[in-house]
2 protein chains.
Amino acid sequence: MNLSQNMEDYLKAIFQIGHGESASTSEIAERLSVNPASVTGMLKKLAELKLVEYVSYRGVTLTHAGRKIALEVLRHHRLIETYLAEALGYEWDQVHDEAERLEHHISEEFEDRIAKMLGDPLYDPHGDPIPTKDGRLPPVSRERLADANEGETVTVRRVGSEDSTTLRFLKEHGIRLGAALRITKRDDRTHTITVHVQRTRVDLSNDVCKIIFVERGS
Amino acid sequence: MNLSQNMEDYLKAIFQIGHGESASTSEIAERLSVNPASVTGMLKKLAELKLVEYVSYRGVTLTHAGRKIALEVLRHHRLIETYLAEALGYEWDQVHDEAERLEHHISEEFEDRIAKMLGDPLYDPHGDPIPTKDGRLPPVSRERLADANEGETVTVRRVGSEDSTTLRFLKEHGIRLGAALRITKRDDRTHTITVHVQRTRVDLSNDVCKIIFVERGS
DNA sequence: CCCCACATTTAGGTGTAACTAACTTTTCTT
DNA sequence: AAGAAAAGTTAGTTACACCTAAATGTGGGG
């Protein structure tokens, strides 16, 4: 099946929103920065191709075939991100945009070569799982920093954001994959969590804490 | 100026055909595998943008701005080819197709990083010159193997083809950049040139000899 | 110097994917 | 449960870049 870049982007977006559940027209429109009306049109086309299950006004889910393609695109994206970081020295806040454009244009050959060169990595620079060639997703922590208790010490395992400003902020405060965080204070009124990284103190908004995934213990 | 991938391809094609002289509609159509009528349409658009000088029925040349873009695209293409070969172990017959797709989708950042990593190379795996960032083309040999005399020994400096079958053929017979060839026979009736590479003998058609550029002496 | 073959352009049409505006369906609020 | 707000869809356009078929321009040979 030879899909347009646009179709691939839609499938990826549906996968990332839905994660099994159904995605709404407006969520997809938001993520892809297009008009909701355009989404409706595309969903019909994808449904024709049996890549999604689409019910008017009710949302959309991926079929098995659609999920497979979404995972392939995601594999490309995350392998490229990893490659840019490991082989070309990109920072984790720079890799997303570059990968977003390249993911649709690399060959199977290229995919295989960089995967091999990197030692078939399972996680990208943000800790997101890289789908394997046969379409399995390595396990990830779903434990959010936002849900950790005062006094606990946790290890950063994943940062579920591609926003470069957020990523740069975290990097500058020593919050990177594998970093140990001690939660020193939860202020539920100001929706702020105070953590210590090494010996420095950082205040984090609740929004940021929702996208930082951790493992209990250090 | 933000051009479509297609426009970039047209500018590159015009540059490569014309090399200063004007390119014809049909030459461009042939190179890009599109209908001549489509070329006419695109040339009008490019002329509007002041990227080409176009006179109906007479052909087209690049303006200064158009040439600049063509050189940038060519720089991307050839840097990527070089990178694929040097960093990822591609063979010279595999690099073109991959580069053709990637060249339009890499950032300035990516260009700079691979150029630096490669030590700002001046020639790609085929010996073609890589335009510098400020738009200069490193010098190349224009001496064709087809024009060399019986008994001469020459060094291969450039192979002006991206056709993978041709490139594979040459590779398999030891004809690579830097190889020393001794012209042992010219048969002007069968349009064939016989050369010796190391100790093995190879018969080359005149067509092939026209795209192999050499330097006199070994 | 005229005519013909070939090159090129014009005209009209296709498919993709976006947009806006207007309409319909669903969901929330009271 | 009614009506308003939000979400989603339909209809009609636009832009891009391709195509085919028909018309037109150009240059060389008789």
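As a basis for the values below, the full set of heavy atoms in this structure was taken, side chains included, without hydrogen atoms, waters or symmetry mates.
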Measuring to OP1 and OP2 of D:dC18, would you say a side-chain N or O of B:Tyr10 lies under 4.0 angstrom away? yes
Measure from CD on B:Glu48 to P on D:dC16 and round the result to the nearest Å. 11 Å
Take atom CD of B:Glu27 and atom P of C:dA7, then tell me their distance rounded to the nearest Å. 11 Å
Specify the separation, in whole Å, of atom CG of A:Leu32 and atom P of D:dG8. 14 Å
What's the CG-P distance between A:Leu46 and C:dT16, to the nearest Å? 12 Å
Which nucleotide in the list C:dA18, D:dG8, C:dT10 gets nearest to the side chain of A:Ser24? D:dG8
By nearest nucleotide on DNA chain C, pick out whichever of A:Gln5 and A:Arg58 is the more 5' one. A:Gln5
Is the shortest distance from a Lys or Arg side-chain nitrogen in B:Glu100 or B:Lys12 to a carboxylate oxygen in the other one below 4.0 Å? yes
Within the pair A:Lys44 and D:dT10, is there a side-chain N or O less than 4.0 Å away from OP1 or OP2? yes
For B:Phe213, is the NZ or CZ atom of B:Arg157 found under 6.0 angstrom from the centre of its six-membered ring and inside 45 degrees of the ring axis? no
Phosphate OP1/OP2 of D:dA17: any B:Asn6 side-chain N/O under 4.0 Å: yes
Check the distance between D:dA17's P and B:Glu8's CD and give it to me in whole angstrom. 11 Å
In whole Å, what is the span from the CG atom of A:Leu3 to the C1' atom of C:dT16? 13 Å
Kindly say if B:Thr40 contacts the phosphate of C:dT10, meaning a side-chain N or O under 4.0 Å from OP1 or OP2. no
Looking at B:Arg113 and B:Glu109, is any side-chain nitrogen of the basic one under 4.0 Å from a carboxylate oxygen of the acidic one? yes
Any side-chain N or O of A:Thr25 under 4.0 Å from OP1/OP2 of D:dT9? yes
Give a yes or no on whether the backbone of A:His104 and the side-chain of A:His76 come within a donor-acceptor separation of less than 3.5 Å. no
Side-chain N or O of A:Lys45 less than 4.0 angstrom from OP1 or OP2 on C:dA17? yes
For B:Leu43 and C:dT10, what is the distance between atoms CG and C1' respectively, to the nearest whole Å? 14 Å
Would you call the rings of B:His105 and A:His105 parallel, tilted or perpendicular, taking 30° and 60° as the class edges? parallel
D:dG8 phosphate, OP1 or OP2, under 4.0 Å from A:Ser26 side-chain N/O: yes
When you measure from the side-chain N and O atoms of A:Ser4 to the phosphate of C:dA17, is any distance below 4.0 Å, counting only OP1 and OP2? yes
Options C:dC19, D:dC18, C:dT10, nucleotide nearest the side-chain atoms of B:Ala37: C:dT10
Expressed as a whole number of angstroms, how long is the span from A:Asn35:CG to D:dA7:C1'? 12 Å
